[in-house]
Amino acid sequence: MIRQLIRFQNMDRRWIFLGMALAIVVPLLAPINFPFKIDERVEAIYEKIESLEAGDTVFISADFDPASRPELEPFYRANLHHFFAKDVKVVIGSLWPFAPPMVNPWLEEIAADHGKVDGEDFVFLGFKDGKELAIKLIADDVVKAFPKDLKERDTATLPIMEGKRQLQDFALMMSVSAGFPGTREYVLQVQGQYNLDMASATTAVSAPDYVPYYKSNQLFGLSGGMPGSAQYEKLVYDKYGNDSGLINARPIATQALNVLNMGHLFIVLLILMGNVAFFLTRNIEEA
Amino acid sequence: MMKTLFRTCILFMSLLSTAATAAPIDNLTIVPPKASSGLNLSLSWTFGEATTSGPEVLGLRLLRRLPSETEWTLVGEPLAPDTTATSDTVPETGTWAYKLVSVYTDTPEIPKPEALSEDASEEEQASFDAEAAQLRTAWVQTVIERSDALGDDSDMATGTTKASWLNTNPGHLLLLALIALVGGLMMVYTRRAQRGEEIYIRRIPGIDAIEEGIGRATEMGKPVLYVPGIDDLQDIQTIASMLILGQVSKTVAEYQSDLIVSCCIPIVREVADEVVKAGYFQAGHPDAYNASNIRFISSEQFAFCAGTNGIMLREKPATNIYFGRFFAESLILAETGFVNRSIQIAGTAEATQLPFFVAACDYTLIGEELFAVSAYLSKDPRLVSSLKASDIVKVLCVAALLLGTVLHSMGNTFLVDLFKISG
Amino acid sequence: MKRTVPLLASFIIGLVMVGEFFIPHHQYRAMTNEFLEWGLILSAGAFLLGLVNLVQVNLPKVQRRDTDWQYKAIMLVALVVTLVIGFAGGTARQQPGYSYKWFFDYVFVPLNATMFALLAFYIASAAFRAFRARNLEATVLLSAAILVMIARVPIGESIPVVGDYLPQLMNWIMDVPNTAARRAIFIGAALGAIATGLRVILGLERSHLGGGES
């Protein structure tokens, strides 16, 4: 028994990988949908967007790549649905080079669902290199930062950009960020200086870093990882979802939460079993 | 006569129906903000007494021109009807004239010319832009006239930009004082150290382990792998990593071991190359320096991670050193190093990655310890003295935090306001 | 001279860039923005050097048929193919129908996602290995980790009796002790960064300058 416990503590990692794989695959095939509550930080994002008027224009900085797609794509999609359902105009830019080819097709797909017109109701400005310098330039002069949009049109002449020169000209700013550069750089460089209404949707790993910004009202809302995306999806799709006919969308994060459930449970059980084995063998070794 | 009567009736009815719910806009004042760049102006105004009912005011619009011009330009977004202040960024320094007008719920949208086709020529684009500007100007004039007729506009007011050479906000001045204090203390302690005074630094096991790790690599005949993070050279953690790399390469050269540096950013690779070369020269082993060991892998995060993992699995370094800014790849690197049974020493100020390094590495340097490594390793009195200086400022910061917490809990926000950085 | 010029440049430009935070004048900002753009241009230029380094390091290994030379050959082929299809596609390369877009959607995205997905497995193995209650601090760490992991997901909220309180406890752990510790790390790291930056600007640290002599 002791030998088995010691072997268990030192087992080949591949058994752990196999267990993790099962914890991921099984819920996908046989989902158990546990209900969940909405966090106040996510609700704050929803309520703020609900308070926007038709015709308002917002700026989204889509700063994520394929690696963080599972956590942030659901939020990004729900966010676009939310804005378009309220007839809010959307201007999107990115600080990550691999974001545009991934993010732009989703934008066009969702805009088409809502019958929105490119250049009038939405525009994708493309990728701007330069990290903090790019952020300062965007905040100071969006048109100078993105002289042409992704489709090589002059940004200044687009109807959606009329009267929009600086970030503070937008009704609010949404940072969908997977890391650096992203939310923190926007907060540190420009949020206070331009007094921007800003919220962030970020990966679960980074979210705790931005809680101080939420607490100090530098961010009016914060969505963290897949749970945050699922909560936001629920709020948006419950109001604007299939029943009202406005959105025909699949709640991706809500479905993926099943995997998160089992994954976390697996790790917790593994840790507990490891500690039980540790205590049993430690006591006997000491004896 | 019928036409005149008709027009009089319309005007009379319009006057009856358009007596405004909004109040006249008074006291439009324009001043440059404190600590201005020279291209900002702050505007504020008040509202007079509201008159009789009329069309509902949708919002306010700000108009701007140079005093010498005649045509007004719309600036910014529509303001809420009860707004009493805003700011504007002007294209050049000087004196600017402003006027506020009201826009009503029945005011039409700004007219636009017929949309251009996507393959329009430059002349067609220019003609489109000119027509759009004309329509816009005409719309602005209509809005001004109506707002003026109903008494819901402001008089023209002027303001002159003023550029500041120093941001005199208390928070900024305090930060300047803090930096000057750190610099001044560094000078003081450097002088003391140069006079022979011993400056104590507590032992940091992670830094001591660097030399042990290099010794282990030499005994096993395996290389040392150094990863300076994945951020650009402008990041302070990468700079700190380069400073540490200088010391590490010197020690590796003295032990006559091999050093592989895996870089994510090309310019970091160039700097690392020079730093390692200098380290080998300083140790007296210039021939041992091998440029092909300083490698640029990929600027893409996970491609870099995969490439570095490949180096670990193929070349099996005995010691892995991770100093710099890391993100999601940190655990993948550390776990692969663990599989190789390498000694792993990590240091980063990236709080999100510290838990992963703590779980997977043998030694982890947290936050500011990363910035102390080069001074600790070199034992140069001038560098050690800078640690002393930053430690003293840290004590002052802690004292300010405690005092601020107590004061704030008692309702006094003096310290909180003092440290506020804005503008 | 070889070291004096870079040291002088570091000092002057370092002071000018520090000054940007305190001097709001638009002309000063225009100057500092120009310096930052120079830095961007240098970084972009260094990409060419990186490309040369990749080929310089790996091509000889392929030619000599060193260990695992096949992987290096694949890497070089991928490098050339990506360059060719990227240039061939021009500015429209991200539009559907272009090879670049195809490579992005069907090669890069899955590979990138796969590497990131490894984290899930590595976290499990690292947590199993590291989270042992060897002493009081380790026990506190372990308990907090388990609590946060369970409370973070809907399954935690569904636990009878305690499920209602777990999210509140988790939020308290994240908002109070966790945030306090992070702030402490931020403040310490910021002060360390100031000291390091000043050491470099004032020329006290010189090892980053490299050079072939002591």
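All figures in this text were calculated on a predicted structure; none of them were measured in a lab. Just so we're on the same page: letters track the sequence lines, and every chain starts at 1. Every heavy atom of this structure was used, including side-chain atoms; hydrogens, water molecules and symmetry mates were not.
Per-residue counts of heavy-atom pairs under 4.5 Å with chain C were compared for Gly38(B), Ala283(B), Gly246(B), Ala328(B); the largest is that of Ala328(B). When Phe356(B), Phe371(B), Phe296(B) are compared by the number of non-hydrogen pairs under 4.5 Å with chain C, Phe371(B) comes out ahead.
Heavy atoms of Ser378(B) lying under 4.5 Å from chain C are absent altogether. Looking at Thr168(B), neither its backbone nor its side chain comes within 4.5 Å of chain C, counting heavy atoms on both sides. For chain B, the nearby part of Leu202(C) is the side chain; its heavy atoms alone come within less than 4.5 Å. For chain C, the nearby part of Ser36(B) is the backbone; its heavy atoms alone come within less than 4.5 Å. In this structure, chain C has a heavy atom under 4.5 Å from the side chain of Asp232(B), while its backbone stays farther away. Residue contact with chain C, scored on non-hydrogen atoms closer than 4.5 Å, involves the side chain of Leu401(B) exclusively. Within the 4.5 angstrom heavy-atom criterion, only side-chain atoms of Arg269(B), from C-beta onward, approach chain C. Interface remark: Arg199(C) contributes backbone and side-chain atoms alike to the contact with chain B (heavy atom separation under 4.5 Å).
Contact check for Ser125(C) versus Glu335(B): side-chain heavy atoms found under the 4.5 Å cut-off. Two residues are said to be in side-chain contact when any heavy atoms from C-beta on lie closer than 4.5 Å; Glu205(C) and Ser374(B) meet this criterion. For the pair Ile123(C) and Leu331(B), the minimum side-chain heavy-atom distance is below 4.5 Å.
Applying the salt bridge (charged side-chain N to carboxylate O under 4.0 Å, His left out) rule to Asp68(C) yields no partners; only residues at least two apart in sequence or on another chain are considered. For Asn53(C), the side-chain hydrogen bond (donor to acceptor under 3.5 Å, both in side chains) criterion is met by no residue, not counting sequence neighbours. When the side-chain hydrogen bond (donor to acceptor under 3.5 Å, both in side chains) test is applied to Lys394(B), the partners found at least two apart in sequence or on another chain are Glu368(B), Asp391(B).
Of residues 103-120 of chain C, those residues with a non-hydrogen atom less than 4.5 Å from any non-hydrogen atom of chain B are, in numerical order, Phe108(C), Asn112(C), Met115(C), Phe116(C), Leu118(C), Leu119(C).
The aromatic rings of Trp165(B) and Tyr28(C) sit perpendicular to each other, their planes meeting at more than 60°, with 30° as the lower class boundary.
For the pair Arg129(C) and Phe338(B), the cation-pi criterion (under 6.0 Å, within 45° of the ring axis) is fulfilled.
No side-chain donor from either of Ser292(B) and Gln56(C) sits under 3.5 Å from a side-chain acceptor of the other.
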